[in-house]
Amino acid sequence: MKVMYLAIAVLALASSLASAYDPSPLQDFCVAVNGTKDGVFVNGKFCKDPKLVKAEDFFRHVEAGNTSNPLGAQVTPVFVDQLAGLNTLGISLARIDFAAKGLNPPHTHPRGTEILFVVEGSLYVGFVSSNQDGNRLFTKVLNKGDVFVFPIGLIHFQLNVGYGNAVAIAGLSSQNAGTITIADALFDANPPISSQLLSKAFQVDKKVIDYLQKQSWYGNN
Ligand SMILES: *[C@@H]1O[C@H](CO)[C@@H](O)[C@H](O)[C@H]1NC(C)=O
Ligand SMILES: *[C@@H]1O[C@H](CO)[C@@H](O)[C@H](O)[C@H]1NC(C)=O
C-alpha cells in the first residue's frame, strides 16, 4: 500500500513537472480556430483542419508601436491571439518601442521567461528576485545587439536611457505568457481594491492610496 502511495506521489510530481510550462505539442501544428467549423479537436484545443492550413496562418507583420503615450513606450505582442499558428508551440514574442526616456513599467509574465534583444538604442533594464531570495535587484544597461533574460514570473522593467528612440524584441517561452503591470493591477483593479487594505499593505496614509487610485493608469500592452 505504501509503495502504491509513493508511486502515486511520484506520478503526481512527474505530471506537475511536465506541465510547469506550455505542454509539448502532439502534432506538427495546431492553428487555433474559435469553433469546430473547419476544425478538429486535438491535444485539448480546437485546431484548424491541417489540410486547410496555409503559410498565412504562421505569418504576421509588426509595425512600430505608437509611443505618444504617458509612458513613452508601447508593447506590440505577437501572442497566440495575434498569430493563431503559435497555438501549442510554447513560444511568442513582443516588439517594444521606446521614445526618448520611455519606460516599459514594472510588470511580470506569469507564464513565460523573456529573452530581450536590443535592436536600437540603450536601455536600463532590471528584474527583482523573489522574497525568498531577498528581493535582489539585477540591472544592466543594454546597447544595440545586447541580450538580457528576465526569468519567468519575476518583476522586470526597461527604461530608455539613450538620446533617441529605442527598439527591442522580446522572445517569450509561452504562446500566451500573460502580462501583469504592477501599478495597474494594484491601483487600477476593476473593481478597485479597498484603499484601507492598500494603505496597510504599503504602510502609507490612505490619502496616498486615494491619490494613486485616482490616476489614469495607461496600459502600454
Ligand atoms: C477568436 O476570437 C477572438 C475574440 O473574439 C479574436 O480576437 C480572434 O482573432 C479569433 N481567432 C480566430 C483564429 O478566429
Ligand atoms: C499616436 O497616438 C497619439 C495619441 O493617441 C495620436 O494622437 C496619434 O495620431 C497616433 N499616431 C499614429 C501614427 O497613429
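In this text, all values refer to a predicted model and were calculated from it rather than measured experimentally. Note that ligands are numbered from 1 as they come in the structure, with each ligand's atoms numbered from 1 the same way. The figures here come from the full heavy-atom set of this structure, side chains too, leaving out hydrogens, waters and symmetry mates.
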Checklist entry - In terms of side-chain geometry, is the basic nitrogen of Asp97 or Arg95 positioned less than 4.0 Å from the acidic oxygen of its partner? => result yes

Checklist entry - Looking at side-chain heavy atoms only, is the closest gap between Leu172 and Phe79 below 4.5 Å? => result yes

Checklist entry - Who's the nearest protein heavy-atom neighbour of atom 1 (C) of ligand 2, and how far? => result Asn66 ND2, 1.5 Å

Next on the checklist: Taking side chain to side chain donor-acceptor pair (under 3.5 Å) as the definition, give me every residue that meets it alongside Asp205, ordered by chain and number, with sequence neighbours left out.
Outcome noted: none

Checklist entry - In terms of the angle between their ring planes, are Trp217 and Phe187 parallel, tilted or perpendicular, with boundaries placed at 30° and 60°? => result parallel

Item to check | Any protein heavy atom < 4.0 Å from atom 11 (N) of ligand 2 | outcome: yes

Checklist outcome for this item: Closest to atom 5 (O) of ligand 2 among protein heavy atoms sits Ser68 O, 4.3 Å

